[in-house]
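Each chain gets a letter, A, B and so on, in the order its sequence line appears, and its residues count up from 1. Everything numeric here is computed off the predicted structure, so don't read it as measured data.
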There are 2 protein chains.
Amino acid sequence: MRIGEAADAVGMTTKTIRFYEDRGLLPPAERSANGYRDYAHDTLSRLEFIRRSQIAGLTLAQIQGILRIRDSGLTPCTHVRDVLGKQLQDLDRKIAELTALRVTVAEQYATAEVADPQRCDAEQICSYI
Amino acid sequence: MRIGEAADAVGMTTKTIRFYEDRGLLPPAERSANGYRDYAHDTLSRLEFIRRSQIAGLTLAQIQGILRIRDSGLTPCTHVRDVLGKQLQDLDRKIAELTALRVTVAEQYATAEVADPQRCDAEQICSYI
DNA sequence: CTTGACCTTCCCCCTTAGTGGAAGGTCGAT
DNA sequence: ATCGACCTTCCACTAAGGGGGAAGGTCAAG
């Protein structure tokens, strides 16, 4: 399978597939006699795994970590569990940060909504922030 | 005031202050006879305003928009209210996105926690993702 | 034989908010 | 006179995930 067919099959661009190879998420592709990349069918599952992992919010570096374990012949289950656990922690932290920020901004917005622009102090840039 | 003193006064680096000038958040600095930047005291309030705005999660582009209105002699109150309103919307959207993602990842994690690594299918990369 | 649709490598570009470092000028104190 | 601590400009680089496009090779169809 040529790179364009693989790209169409999984809904990525050829640029993205070459980029993943360059980043080590895909092994160096087999080449046809003319130098074109020639993919076996299991490359598609690998690409789809990458996409599912991205939907779960994993970074390419994390995905690469999982794939490397798989490629070494081991089962990455334990590692995947750890990565998912860390991802949960990260999400909780980010949600907490954004929620706290929302409180601050909501207060500022409430102040700005009821304020009188005429009373804006010319000495400072803005009294709401 | 030289750039290093200004930086120390507000807790930024000289690099950051030059960067803000380059981005148009600070007007081109006055120069001493030797070519050194020479800041008046009100630059400090401007830098502190930038920092407070960043704490509210505003981007430098948004902050620049507010400062430009201020520099044109107008009161930026109305614009600030709009920017804060948009920021609230953005925060709500991001929180909703992360919360939805958290649900997905939590399900995957729950599956991975109770699973038996021995049953990992060698044909696929990982059954949890 | 030429056209068009593929493919190759290569390098530069984008986003955000800076950071690091090189090469060189300036100043006060020793 | 020279040392260290400043300052100047400019260029490159970071994380993340690709996108754009040039210059050139390959292949089947008309």
State the [atom1]-[atom2] distance between [X] and [Y], to the nearest 0.5 angstrom.
{"X": "Thr78(A)", "Y": "Ile69(A)", "atom1": "OG1", "atom2": "CD1", "answer": "8.5 Å"}
{"X": "Glu48(A)", "Y": "Arg52(A)", "atom1": "CD", "atom2": "CZ", "answer": "7.0 Å"}
{"X": "Arg51(B)", "Y": "Ile63(B)", "atom1": "CZ", "atom2": "CD1", "answer": "11.5 Å"}
{"X": "Arg2(A)", "Y": "Glu5(A)", "atom1": "CZ", "atom2": "CD", "answer": "5.5 Å"}

For the side chain of Asp38(A) and the backbone of Ser32(A), is there at least one donor-acceptor N/O pair under 3.5 Å apart?
-> no
Would you name the heavy atoms of Ile129(B) and Ser53(A) that are closest together and state the gap between them?
-> CG2-OG, 3.5 Å
What one should report as the nearest heavy-atom pair of Leu101(B) and Gln87(A) is CD2-NE2, 4.4 Å
Asn34(A) side-chain N/O to dG25(D) phosphate OP1/OP2 under 4.0 Å = no
Would one find a side-chain N or O of Tyr20(A) under 4.0 angstrom from OP1 or OP2 of dG18(D)?
-> yes
When all nucleic acid strands are considered with a 4.0 Å heavy-atom cut-off, which category describes Arg2(B): base, sugar-phosphate, or nothing?
-> sugar-phosphate
Answer with base, sugar-phosphate or nothing: what part of the nucleic acid does Arg37(A) contact at a heavy-atom distance below 4.0 Å?
-> sugar-phosphate
For DNA chain D, find the residues of residues 41-58 of chain A with a heavy-atom distance under 4.0 Å and give them by number; none if there aren't any.
-> Gln54(A)
Nearest-Å distance, [atom1] ([X]) to [atom2] ([N])?
{"X": "Leu25(A)", "N": "dG18(D)", "atom1": "CG", "atom2": "P", "result": "10 Å"}
{"X": "Gln64(A)", "N": "dA15(D)", "atom1": "CD", "atom2": "P", "result": "13 Å"}
{"X": "Phe19(B)", "N": "dA12(D)", "atom1": "CZ", "atom2": "C1'", "result": "14 Å"}
{"X": "Arg23(A)", "N": "dA16(D)", "atom1": "CZ", "atom2": "C1'", "result": "7 Å"}
{"X": "Ile63(A)", "N": "dG18(D)", "atom1": "CD1", "atom2": "P", "result": "9 Å"}
{"X": "Ile3(A)", "N": "dG25(D)", "atom1": "CD1", "atom2": "C1'", "result": "16 Å"}

Mind checking which nucleotides bracket the chain B contacts on DNA chain C, 5' to 3', with an atom under 4.0 Å from a heavy atom?
-> dA17(C) to dC27(C)
Could I get the full list of side chain to side chain contact (heavy atoms under 4.5 Å, CB included) partners for Arg18(A), not counting sequence neighbours?
-> Ile3(A), Thr14(A), Arg37(A)
Earlier contact from the 5' end, DNA chain C, for Thr14(A) and Leu60(B) = Thr14(A)
